[in-house]
Amino acid sequence: MTVVALSGIRGGVGTTSVVAGLGFALHLLQQRVLMIDLHPRNLLRLHCNLALDAEQGWASVDQDAEGRWNEALLQVVEGLYLLPFGQLSAAELGALAQRQQTQPQEWPQRLQTLQAHFDWILLDLPATLPAGQAALPLLPEATLRVRVVETDAACHALLSTEGAGDDLLLVNRFDPISQLQRDLLLLWGERHAQLIPQVIHRDEAMAGALAWKSPVGHYAPDSLASHDVRSLATWLLAQEVQRV
Ligand SMILES: Nc1ncnc2c1ncn2[C@@H]1O[C@H](COP(=O)(O)OP(=O)(O)OP(=O)(O)O)[C@@H](O)[C@H]1O
Ligand SMILES: [Mg+2]
């Protein structure tokens, strides 16, 4: 039972797409998987064929009464589950942020309850929003933290100035045609021991998957990105076998 917390080193690097793809790939490896959207934009649901106006999520059902958050749990396919964030107004988001500050143990406790039922829990966290940042230090010990990065100068600057601590680094949208990207990948391999040895390539199939509202492995199983994500799932599984 492993919790993987994924967040971008900055916004837009493909974190939500990776969570959806990885969840599906782990499911194909016979793992019981739950994907939790902790990003107030509530977009993970769109990778799981939910409608734009599907507004229910853990944060929306939790507005008035404690303990109802898990009513928003959805089965995507057998063995693969989703807990959407839900659609909240600005005022509701403010109230939620306040509650997260006064009750910081809330999510770690929820994760402990959930862990018995799943082999993997994948968290889609925002890159910089305070709500996500607040949750991170309190996640359970079993948590693997993955920072999603792109091999571009902006991510390079952020990695150089802010670092990534012990977080694993996952390169998404890698394009081997670009000399700059190849150079950065080489450099990061030398500098960052925690760089995951499997990149996810830039691939139209990944973009098409969201347009089709499904994880990449479902939308285009033979695509390069789908193979990448499957290898990533196998790599993570192997890490966990070694760790136990
Ligand atoms: N490997 C890839 N190749 C091509 N397109 C990709 C790839 N990964 C993600 N995308 C596309 O990039 C866009 C942004 O992806 P996504 O929403 O997953 O990013 P994010 O990091 O979660 O953004 P945010 O910071 O807003 O949460 C989407 O249109 C997605 O389809
Ligand atoms: Mg996202």
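One-based numbering, in listed order, for ligands and for the atoms of each.
For Gln75, the CD atom sits in a packed shell: over 12 heavy atoms of surrounding residues, nucleotides or ligands are nearer than 6.0 Å.
To the nearest 0.5 Å, atoms CG (Asn172) and CD1 (Ile196) are separated by 11.0 Å. The CH2 atom of Trp69 lies 6.5 Å from the CG atom of Leu83; values are rounded to the nearest 0.5 Å.
Both Val19 and Trp235 are assigned to one and the same hydrophobic cluster, defined by single-linkage of ILVMFWY side chains at heavy-atom distances under 4.5 Å.
For ligand 1, one of its N or O atoms has an N or O atom of Gly12 under 3.5 Å away. Geometrically, ligand 1 and Gly14 share a nitrogen or oxygen pair separated by less than 3.5 Å. Considering backbone and side-chain atoms alike, Arg202 places every N or O at 3.5 Å or more from each N or O of ligand 1. Between Val13 and ligand 1, at least one pair of N/O atoms sits closer than 3.5 Å.
Each protein N, O or S atom less than 2.8 Å from the Mg ion (ligand 2) was counted, giving 1.
The contact set between ligand 1 and His201, taken as ligand atoms under 4.0 Å from a residue heavy atom, comprises 1 (N), 2 (C), 3 (N). Using a 4.0 Å cut-off to heavy atoms of Thr15, the atoms of ligand 1 that qualify are 18 (O), 19 (O), 20 (P), 21 (O), 22 (O).
Not a single donor-acceptor pair under 3.5 Å links the side chain of Thr151 to the backbone N or O of Leu185. No donor-acceptor pair closer than 3.5 Å links the side chain of Arg145 to the backbone N or O of Ala5. A donor-acceptor pair is defined here as one N or O able to donate and one able to accept, closer than 3.5 Å; such a pair exists between the side chain of Arg68 and the backbone of Val61.
Remark: distances from the non-hydrogen atoms of Ala225 to ligand 1 are all 4.0 Å or more. By the 4.0 Å heavy-atom criterion, Arg10 is excluded from the residues contacting ligand 1. Asn172 counts as a contact of ligand 1, since one of its heavy atoms falls under 4.0 Å from the ligand.
Shortest non-hydrogen contact noted between Arg10 and Cys155 is NE-SG, 3.6 Å. Among all heavy-atom pairs drawn from Met206 and Ala225, the shortest one is SD-CB, 4.1 Å.
The option with the heavy atom closest to atom 12 (O) of ligand 1, from among Arg41, Glu204, Arg173, is Arg173.
For His201, the ring-ring contact (aromatic ring centres under 6.0 Å, His included) partners two or more places apart in sequence, or in a different chain, are Phe174.
The closest protein non-hydrogen atom to atom 28 (C) of ligand 1 is Leu210 CD2, 4.0 Å.
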